[in-house]
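Heads up: the structure comes next, in structure tokens.
A quick note: this is a predicted structure, and the numbers were derived from the prediction, not measured. Each residue takes its place number in the sequence, starting with 1.
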Amino acid sequence: MTMVGNMNPKKERKSKKVKQIPDENAPLLPTKKQDELGFDEFEGASFSGAVFNLSTTIVGAGIMALPATMKVLGLGFGVVMIVFMALLSERSIDMLLKFSRAGKSTSYGGVMEDAFGKGGRILVQVSVMVNNIGVLIVYMIIIGDVLSGTSASGMHHAGVLEGWFGSQWWNGRLIVLMITTLCVFAPLACFKRIDSLSYTSALSVGLAVVFLVIMAGIAVIKLLSGTVMMPRLLPNITDLNSFMNLFTVVPVLVTAFICHYNVHSIDNELEDSTQIKGVVRTALTLCSSVYVMTSLFGIFLFGDGTLDDVLANFDTDLGIPYGAVLNDAVRVSYAAHLMLVFPIVFYPLRLNIDGLCFPSSGPLVSDNKRFAFITVVLICLIFLGATFIPSIWDAFQFTGATAAVCLGFIFPASITLRDRYGIATTKEKSLAVMMIVLAVFSNVVAIYSDAYALFKKNGVSQ
């Protein structure tokens, strides 16, 4: 999350039981003044609550596109890439935290401003805006696919509501997304402190586990019955174009682990700030395990027929008892998970937009009119995006190759190379250079490959 307005040192953590947690935009105020502005008094977030919030930030829509990346990379190489991206993400977050402590910064934008001035803060704010709007649009697209159906690969995949009630005017995509936005997204987006979402985050992680367990059960049953073919372990490379196509999955893998914009806000609310590294490692380990298992079971079940959004595959006959019920359970559990993830990603988005549009205003939480205005505008923008963007792969390619790679790797590496306090080791600087080179090269190739495929499809190229 990006700090806007005045950049203030993080409030010194004391051993007393009750902590005052101000909004990141606000100066450190006396307790009485904080109460007047509506800041809550609480004992600090727990380790488990922080893990749930960070895990919910990570495990969002990216998991639905990972089986499709296995189709491109092959299962063996794909699993290796998931683990590699998790390790690289942990190192980049460590870089952010190290320089946050040195500069007493309480936000991602604060670290960037400390290293590169006001322009650095604005870059982070714009990147968070692009990344989070793109991710939230993907959430809505998936929910629309699940509940109302989608047309992919020339086929219509029926949604849950269409399967239950047939095609009705009220279960069309536009109406379903509108009802979901008004009844679910809007109320959850009104919380002013991220720790208030720890219980919904825990429930969302539970729903993701339910989705994974059901998916695993289906895959095991089909494996035992001998109706599943072993997938490729390595990519199928036949020419230069097939090699270049491998890079198109990089933006998806990058997006799957982006949580950097919420690390500071979770750290700020922790009862013990020394736990943040443990929180990060635990969350990344948990999410990597979920990603690997989902990719494994998804590619086992659908093979080369895996769609960009694997949930859309769960409208077919699975060939096992109660297949239709299990199909619906898989789709509904994950759609509900995404509904609960929405406010976690929306929270830093709103603060960064406020910082860009109202840089000299007071704390956002103290101005209900401004808070409501930004919330309504953003939700309407996301709703319109989900209505007109056809595929989650398209959204991932754009956000992953631009804002996500900057937030996840380029910005943390740049801060390390800038090394304003002279605390970066030679090993850290070498890793930072590698991050930037890999990020720039892989995403340039991915953008080129996607553009080439699009032009070829439209008959512009041979």
Using a 3.5 Å distance criterion without hydrogens, assess whether the side chain of S265 forms a donor-acceptor pair with backbone atoms of N262. yes
Under 4.5 Å between any side-chain heavy atoms of P412 and F99, yes or no? no
Got a donor-acceptor contact below 3.5 angstrom from the R232 side chain to the K71 backbone? yes
When the ring centroid of F185 is compared with that of F383, is the distance short of 6.0 Å? no
Between the side chains of K277 and D267, is the shortest nitrogen-to-carboxylate-oxygen separation below 4.0 Å, so that they form an ion pair? no
Can you confirm whether more than 12 heavy atoms, excluding those of F116, are under 6.0 Å from its CZ atom? yes
Quick one: do L96 and V263 satisfy side chain to side chain contact (heavy atoms under 4.5 Å, CB included)? Show the steps, please. CA-CA 9 Å; L96 279 180; V263 169; over 6 Å; no
Can you tell me if E428 uses its side chain to pair, donor with acceptor, with the backbone of T425 under 3.5 Å? yes
CD1 on I137 to CG on L381, rounded to 0.5 Å: 6.0 Å
Is there a donor-acceptor contact under 3.5 Å from the side chain of R350 to the main chain of A189? yes
Step by step, work out the side chain to side chain contact (heavy atoms under 4.5 Å, CB included) result for Q125 and I353. CA-CA 7 Å; Q125 290 173 324; I353 294 295; over 6 Å; no
Just by distance, do the side chain of D419 and the backbone of I423 share a donor-acceptor pair under 3.5 Å? yes
For Y421, look at atom OH and say whether over 12 heavy atoms of other residues, nucleotides or ligands are found less than 6.0 Å away. yes
Is there a donor-acceptor pair under 3.5 Å between the side chain of N268 and the backbone N or O of H264? yes
Below 4.5 Å, heavy atoms only, C-beta onward: do N352 and M129 meet side chain to side chain? no
Could you report the tightest heavy-atom contact between P348 and V128, atom names first, then the distance? O-CG1, 4.3 Å
Side-chain heavy-atom pair M339, I143 within 4.5 angstrom cut-off: yes
V79 and L296, any side-chain heavy atoms less than 4.5 Å apart: no
Could you check whether D114 pairs with K104 (Lys NZ or Arg NE/NH1/NH2 to Asp/Glu carboxylate O, under 4.0 Å)? no
Any pair with a residue in residues 83-94 that passes side-chain hydrogen bond (donor to acceptor under 3.5 Å, both in side chains), sequence neighbours left out, goes on the list, sorted by first then second residue, please. E90-R281, R91-D94, S92-H260
Return yes if a side-chain donor-acceptor contact under 3.5 Å exists between S105 and S100, otherwise no. no
Pair F409, I436 - check side chain to side chain contact (heavy atoms under 4.5 Å, CB included), show working. CA-CA 7 Å; F409 303 111; I436 293 175; over 6 Å; no
Could you walk me through whether L136 and F346 pass side chain to side chain contact (heavy atoms under 4.5 Å, CB included), step by step? CA-CA 8 Å; L136 293 176; F346 190 87; 3.8 Å; yes
Tightest non-hydrogen contact, residues Y108 and L407, listed as OH-O, 2.6 Å
Give a yes or no on whether the backbone of L286 and the side-chain of Y291 come within a donor-acceptor separation of less than 3.5 Å. no
Just so I know, are the side chains of V345 and Y139 near enough to count as touching, which here means a heavy-atom distance under 4.5 Å? yes
Looking at V111, is its backbone amide N or carbonyl O close enough to the side chain of R121 to form a donor-acceptor pair, meaning the two atoms are under 3.5 Å apart? no
Mind checking what makes ring-ring contact (aromatic ring centres under 6.0 Å, His included) contact with F441, not counting sequence neighbours? F247
Are any non-hydrogen side-chain atoms of S127 and F411 less than 4.5 angstrom apart? yes
So do L223 and F300 actually touch side chain to side chain, heavy atoms under 4.5 Å? yes
Smallest heavy-atom separation, A186 atom then I379 atom, equals CA-CD1, 3.8 Å
Distance-minimising heavy-atom pair for L270 and S46: CD2-O, 3.8 Å
Which atom pair, heavy atoms only, marks the closest approach of I258 to A404? CD1-O, 3.2 Å
Taking the side chain as every heavy atom from C-beta outward, state whether D145 and R173 have any pair of such atoms under 4.5 Å apart. yes
Could you report the tightest heavy-atom contact between V146 and V332, atom names first, then the distance? CG1-N, 4.4 Å
Rounded to the nearest 0.5 angstrom, the CE-OG1 distance for M140 and T387 is 8.0 Å
Distance (rounded to the nearest 0.5 Å) between L177 CG and I382 CD1: 12.0 Å
Within the side chain of T69, is there an N or O that forms a donor-acceptor pair under 3.5 Å with the backbone of L66? yes
Where the side chain of S333 meets the backbone of V330, is there a donor-acceptor pair that is under 3.5 Å apart? yes
If you measure from CG on L340 to CG on L207, what distance do you get to the nearest 0.5 Å? 6.0 Å
Going from SG on C287 to CD1 on I82, what distance comes out if it is rounded to the nearest 0.5 angstrom? 12.0 Å
Rounded to the nearest 0.5 Å, the CD1 atom of I344 sits from the OG atom of S204 at a distance of 7.5 Å
Measure from the ring center of F314 to the ring center of F302 and say whether it is less than 6.0 Å. yes
